[in-house]
Novice: 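Just dropping this structure here.
Below, chain A is the first sequence line, B the second, and so on; all start at residue 1. Remember, it's a predicted structure, so these values are computed and weren't measured experimentally.
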Amino acid sequence: MNFAGSFMQGDAAGTDSLAPAPRQRRMGVLARAGGAEIAARLAGLPAPPPHRRLRGPETGLVMVRGRAGGDGAAFNLGEMTVTRCSVALEDGRVGHAYVAGRDARQAELAALVDAWAQDAAALPAIEAAVIAPLEAAQAARREAEAARAAATRVNFFTMTQMR
Amino acid sequence: MYVATKGGEQAIGAAHAWLDEIRRGDPAQPAIDVAQIEDQLGLAVDRVMAEGSCHDRGLAALAVKQARGDLIEAAFLLRAYRTTLPRFGASAPLDTARMAIRRRISATYKDLPGGQVLGPTFDYTHRLLDFRLAAGDAVPPPAPTAMPDPAPSPRVTELLAREGLMQREVDAGAEPGDLTRAPLAFPADRPLRLQALARGDEGFLLGLGYSTQRGYGNNHPFVGEIRVGDVAVEFTPPELGFPVEIGEIGVTECQMVNQFTGSRTEPPQFTRGYGLVFGHAERKAMSMALVDRSLRAGELGEDTTAPAQDQEFVLYHCDNVEATGFVEHLKLPHYVDFQSELENVRTMRETALKAAGE
């Protein structure tokens, strides 16, 4: 599970469109973006290639696990809703999406982008118009929240002795 | 014994029509939007997600609306809904050390890496009713911001473990049992117990946790750490074969640190009670951690004398949806049952009266 650290930094060059790390990063970004947000970003590109639904979009559950004590034995914490979709392009490329929640449009668009981004010729434009801006918006939201949290950090000072 | 009876359809129909009307309330008032519940009654939504054992804020908010604010009824609705969905699989265990922290406090160390971050808390409020909230919907000014500290916030338990003073958790890599797939059997191992506690009733666990502090069970807890924030969920789709992040969920984690006097095999050290709950649910996470630790009494060689140390007592009774089912089934027609009881009591009474008269 140590991909996370590396794929957050990403692969702006997009040299290896099928290798797990850049694809994982794209899928992670799409999973955090709403369907309307992805659609708005796609509007800045030429029309995507036609796609065919192979499965879904369908909503189901993923059992979320935790660890005893945070780092011990795994346990089942509870389920979460997840929507998945798989699509195929006419050239045979297949895209998948698993996204938290019940946004069917998000899952289908994420699967479409996943398939389309496997085309090395299309990837740079998709990266620039869709993935990078979504990722930047997500980072900005995270930073805004971290800044609020930082303002509530306690700065202790030691009382000087009163005489 | 229950018998099938007919009749009552019209009465039931009318009762439900009235329920719908009462749920909507005075039509002169605007209806509450599900998005408003999700946003402005967020802690109710979190509780329903935790006890409904299904993370979906929108569904939980809808359940709160449908249940007229009855949170146990809402958890029941959410549990019922989840049974209609297929399960795609299980996530990788959450890595709470990588949480995007909104709140993180420790009662054991004043100065710790990452610091004490209060976050949006009721703590230190005066608990005076604020009539300005009744007067209108003034939007408060934005909360202040500051430069975040880039230093990571390691777990407090890890700081103690590095010194050898905290019992290490053991991960044998076993597939955890799932009480939604196989009924609980006793003794239940810790992963199963944690699953039951995570979906257990906050009030029940709070009472039990409190009982351990008052001397029913021997707990000397400190809050090593509470952290609240968002954590990424990683899942490996079978068709991909590699893990992807499918989103982030909000969770509350509590690490209780408890003194342990040692046993034949273990030196004196600290041990953990652990709480992890969907949403922002500090009271529940703390209660869960207290009860997790008290349920470990047996395996740590401590006396088990108190209710909070009794697995069967705790785990069989902490689920409010199950408890509601059995308590509320008493409302169902027991006409035939009661008829036979009636016969019994009449006979016993006649016999007793006759005996008294002789």
Novice: I'd like to verify something: which residue of A:Gly78, A:Ala100, A:Ala147, A:Ala73 has the highest number of heavy-atom pairs under 4.5 Å with chain B?
Specialist: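 Result: the option with the highest number of such pairs is A:Ala147.
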Novice: Would you compute the distance between atom CG of B:Leu77 and atom CG of B:Leu62 and round it to the nearest 0.5 angstrom?
Specialist: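 These two atoms lie 8.0 Å from each other.
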Novice: Hey, which of A:Leu45, A:Ile131, A:Val29, A:Val87 is the one that makes side chain to side chain contact (heavy atoms under 4.5 Å, CB included) with A:Val113?
Specialist: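 Among the candidates, only A:Ile131 passes.
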Novice: Set out, in order, the CA-CA distance, both residues' side-chain angles and the distance that settles side-chain contact (heavy atoms from CB on, under 4.5 Å) for A:Leu77 and B:Leu94, then state yes or no.
Specialist: CA-CA 9 Å; A:Leu77 173 63; B:Leu94 299 178; 4.0 Å; yes
Novice: For the interface with chain A, which of B:Met147, B:Met49, B:Arg190, B:Arg155 has the highest count of heavy-atom pairs at distances below 4.5 Å?
Specialist: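 The answer is B:Arg155.
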Novice: Under 4.5 Å, counting heavy-atom pairs only, tell me which of B:Thr121, B:Asp230, B:Leu118 racks up the most with chain A.
Specialist: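 The candidate making the most pairs under 4.5 Å is B:Leu118.
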Novice: Quick one: list whatever passes side-chain contact (heavy atoms from CB on, under 4.5 Å) with A:Ala150, sequence neighbours left out.
Specialist: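 Scan of A:Ala150 (side-chain contact (heavy atoms from CB on, under 4.5 Å), adjacent residues dropped) gives B:Ala146, B:Pro148.
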Novice: If we ignore hydrogens and angles and just use 3.5 Å, is the side chain of B:Asp319 paired with the main-chain N or O of B:Asp201 as donor and acceptor?
Specialist: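 No; judged by distance alone, with no hydrogens or angles, the pair does not exist.
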Novice: Indicate whether the side chain of B:Thr271 and that of B:Arg293 have a donor and an acceptor atom separated by less than 3.5 Å.
Specialist: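 The answer is yes; a qualifying pair exists.
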Novice: Please enumerate all residues that pass side-chain contact (heavy atoms from CB on, under 4.5 Å) together with A:Glu37, with sequence neighbours excluded.
Specialist: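 Here the qualifying residues are A:Ala33, A:Leu134, A:Arg141.
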Novice: If you define the side chain from C-beta out and look only at heavy atoms, does anything of B:Arg104 sit under 4.5 Å from B:Val228?
Specialist: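 Answer no - side chains too far apart.
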Novice: Top residue by heavy-atom pair count (under 4.5 Å) with chain A, among B:Thr96, B:Leu194, B:Asp149?
Specialist: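 Sorted descending by pairs with chain A, the first entry is B:Leu194.
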Novice: Which members of residues 49-58 of chain A, sorted by number, sit under 4.5 angstrom from chain B on a heavy-atom basis?
Specialist: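 Residues in range: A:Arg55, A:Glu58.
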Novice: Look at the side chain of A:Gln106 and the backbone N and O of A:Ala31, then say whether any donor-acceptor pair between them is shorter than 3.5 Å.
Specialist: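 It does hold such a pair.
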Novice: Please evaluate residues A:Glu108 and A:Arg84 with respect to the criterion side-chain contact (heavy atoms from CB on, under 4.5 Å), reporting the C-alpha separation (whole Å), side-chain torsions for both, the decisive distance (0.1 Å), and the verdict.
Specialist: CA-CA 8 Å; A:Glu108 183 161 5; A:Arg84 69 178 175 189; over 6 Å; no
Novice: Using heavy-atom distances under 4.5 Å, tell me whether B:Arg102 contacts chain A through its side chain, its backbone, both, or neither.
Specialist: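 Both backbone and side chain.
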Novice: Are B:Arg103 and B:Gln116 linked by a side-chain donor-acceptor pair shorter than 3.5 Å?
Specialist: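 B:Gln116 and B:Arg103 do not have a side-chain donor-acceptor pair below 3.5 Å.
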Novice: At a 4.5 Å cut-off on heavy atoms, which part of B:Arg82 comes close to chain A: side chain, backbone, both, or neither?
Specialist: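 The answer is both parts of B:Arg82.
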Novice: Relative to chain A, which of B:Arg168, B:Glu158, B:Arg57, B:Glu175 shows the most heavy atom pairs under 4.5 Å?
Specialist: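 Most heavy-atom pairs under 4.5 Å with chain A: B:Glu175.
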Novice: Is B:Asp189 in contact with chain A via its backbone, its side chain, both, or neither, using a 4.5 Å heavy-atom distance?
Specialist: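 The answer is neither part of B:Asp189.
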Novice: At under 4.5 Å between heavy atoms, what parts of residues 88-97 of chain A are in contact with chain B? List them by residue number.
Specialist: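 Counting heavy atoms that sit under 4.5 Å from chain B, the residues of residues 88-97 of chain A involved are A:His96.
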Novice: Is B:Asp292 in contact with chain A via its backbone, its side chain, both, or neither, using a 4.5 Å heavy-atom distance?
Specialist: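 Neither; nothing under 4.5 Å.
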Novice: So which of A:Glu143, A:Arg148, A:Met27 has the largest heavy-atom pair count under 4.5 angstrom toward chain B?
Specialist: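 Sorted descending by pairs with chain B, the first entry is A:Arg148.
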Novice: Checking side-chain polar atoms at under 3.5 Å, does A:Thr59 have a donor or acceptor matched by the opposite partner on A:Thr81?
Specialist: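 Result is no, nothing qualifies.
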Novice: Are side-chain N/O atoms of B:Glu253 and B:Tyr274 paired as donor and acceptor at under 3.5 Å?
Specialist: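 Checked: B:Glu253/B:Tyr274 side chains pair up, N/O donor to acceptor below 3.5 Å.
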Novice: Select one option (side chain, backbone, both, neither) describing which atoms of B:Leu197 are under 4.5 Å from chain A's heavy atoms.
Specialist: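 It is neither, since no heavy atom gets under 4.5 Å.
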Novice: Rounded to the nearest 0.5 Å, what's the gap from CG on B:Leu276 to CD on B:Gln195? Could you check?
Specialist: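 So the gap between those two atoms works out to 12.5 Å.
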Novice: By a 4.5 Å heavy-atom criterion (distance strictly below it), what part of B:Gln255 contacts chain A: side chain, backbone, both, or neither?
Specialist: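 Answer is side chain: those atoms of B:Gln255 sit under 4.5 Å from chain A.
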Novice: Most heavy-atom pairs under 4.5 angstrom with chain A, which of B:Val231, B:Leu240, B:Val233?
Specialist: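 Most heavy-atom pairs within the cutoff with chain A belong to B:Leu240.
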Novice: Once you measure the plane-to-plane angle for A:Tyr98 and B:Phe88, does it fall in the parallel (<30°), tilted (30-60°) or perpendicular (>60°) bin?
Specialist: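 Geometry flag for B:Phe88 against A:Tyr98: perpendicular rings.
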Novice: Using a cut-off of under 4.5 Å for heavy-atom pairs, which of B:Pro120, B:Ser53, B:Ala198, B:Gly247 has the most such pairs with chain A?
Specialist: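 Most heavy-atom pairs within the cutoff with chain A belong to B:Ser53.
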Novice: Going by atom types only, do B:Thr180 and B:Arg87 share a side-chain donor-acceptor pair under 3.5 Å?
Specialist: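 Yes, B:Arg87 and B:Thr180 have a side-chain donor paired with an acceptor closer than 3.5 Å.
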